[in-house]
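What follows is a set of notes on a single structure, which appears directly below.
Predicted model only: the values in this text are computed from it and were never measured.
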Amino acid sequence: MKESDLSVHCRVELSDPGWQVDSKALMALVVRIARLIQPEITAIPGVRHAVAVSCYFVAGSQMRELNRDHRGSDSITDMLSFALGYAAPGTGWVLGDIVICMDAVEGKAISSGNRLEDQLAFSLVHSMLHLVGFDHTLEHDRMLMEHREEEVFATIAQGHCPDVARRPA
């Protein structure tokens, strides 16, 4: 399958009133990441020519609840990935859902000295890799994931990470 043969559908939902999200810029970023990890996507049994990802922006309280319920960690995290992996008529292969807490993304950006846009892009790369099967529980898997993360992010950063989210005026 050539890069142009991969169709990527992205849906964005914002339920955090503390942030504004440029849905088109986010969708374009997700499409860009998907095209960069196309070898991993097309290696998934069942994937044909189209994939779908949904991105949900939530407030810190909701993220804490999700993290506690699904990972057993009573804390706020920047993103959670929920790999779904099924075929859906008219959509193609549903890779899964990414839940994003912009307050936590912003906190990570500040603590690491990154721009907000770069931190969001890097965290999205990390989440997308989870959706295609990467993990970092074991040391060997962590090294593989980090290598692929850095490879994909370096390509994205060369083209400038778009302004996707900001606090309302």
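If you take CG on Asp141 and CD on Glu139, they are separated by 9.5 Å, rounding to the nearest 0.5 Å. Atom CD of Glu149 and atom CD1 of Ile37 lie 11.0 Å apart (nearest 0.5 Å). Distance check, rounded to the nearest 0.5 Å: CG of Leu131 to CD1 of Ile33 gives 10.5 Å. Within the model, atoms CE of Met128 and CZ of Arg32 stand 13.0 Å from one another, a figure rounded to the nearest 0.5 Å. From Leu95, atom CG reaches atom NE2 of His9 across 11.0 Å, with rounding to the nearest 0.5 Å. Rounding to the nearest 0.5 Å places CE of Met143 at 12.0 Å from CG of Leu138.
Val12 approaches Met27 most closely through the heavy-atom pair CG2-CG, 4.0 Å. Taking all atoms of both residues into account, the shortest heavy-atom contact from Ile41 to Val47 is O-CG2, 3.4 Å. Across Glu117 and Pro162, no two heavy atoms sit closer than the pair CG-O, 3.3 Å.
The same ILVMFWY cluster, assembled from side-chain heavy atoms under 4.5 Å apart, contains both Leu116 and Val125. If you chain together hydrophobic residues whose side chains sit under 4.5 Å apart, Ile98 and Phe82 never meet in one group. Side-chain heavy atoms closer than 4.5 Å link hydrophobic residues (I, L, V, M, F, W, Y) into clusters, and following such links, even through other members, never connects Val8 to Phe153. The cluster map of Ile, Leu, Val, Met, Phe, Trp and Tyr, joined by side-chain heavy atoms under 4.5 Å apart, puts Val132 and Leu80 in different clusters. One hydrophobic cluster, built from ILVMFWY side chains closer than 4.5 Å, holds both Leu26 and Val152.
Every salt bridge (Lys or Arg N to Asp or Glu O under 4.0 Å) that Asp118 has, sequence neighbours left out, goes to Arg115. The salt bridge (Lys or Arg N to Asp or Glu O under 4.0 Å) test applied to Glu146 returns Arg142, not counting sequence neighbours.
Residues Met145 and His130 meet the side-chain proximity criterion, which asks for heavy atoms closer than 4.5 Å. Between Gln20 and Pro168, the closest side-chain pair of non-hydrogen atoms falls below 4.5 Å. Residues His140 and Leu144 are in side-chain contact: their nearest non-hydrogen atoms beyond the backbone lie under 4.5 Å apart.
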Can you check side-chain contact (heavy atoms from CB on, under 4.5 Å) on Trp93 and Ile44, steps first, answer last?
CA-CA 9 Å; Trp93 191 261; Ile44 299 170; 3.8 Å; yes

Could you go step by step and tell me if Leu124 and Met79 meet the side-chain contact (heavy atoms from CB on, under 4.5 Å) rule?
CA-CA 8 Å; Leu124 276 172; Met79 291 193 190; 3.9 Å; yes

Step-by-step side-chain contact (heavy atoms from CB on, under 4.5 Å) determination, Ile76 to Asn67:
CA-CA 7 Å; Ile76 298 172; Asn67 201 20; over 6 Å; no

Run the side-chain contact (heavy atoms from CB on, under 4.5 Å) check on Lys108 and Phe122 step by step: do they pass?
CA-CA 11 Å; Lys108 267 190 160 179; Phe122 190 81; over 6 Å; no

Show every donor-acceptor pair shorter than 3.5 Å between a side-chain atom in residues 51-64 and any protein atom, with sequence neighbours excluded, or say none if there are none.
residue: Tyr56; atom: OH; partner: Arg11; partner atom: NH2; Å: 2.6
residue: Arg64; atom: NE; partner: Asp74; partner atom: OD1; Å: 3.4

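A donor-acceptor distance shorter than 3.5 angstrom exists from the side chain of Ser81 to the backbone of Ser127, with no hydrogens or angles considered.
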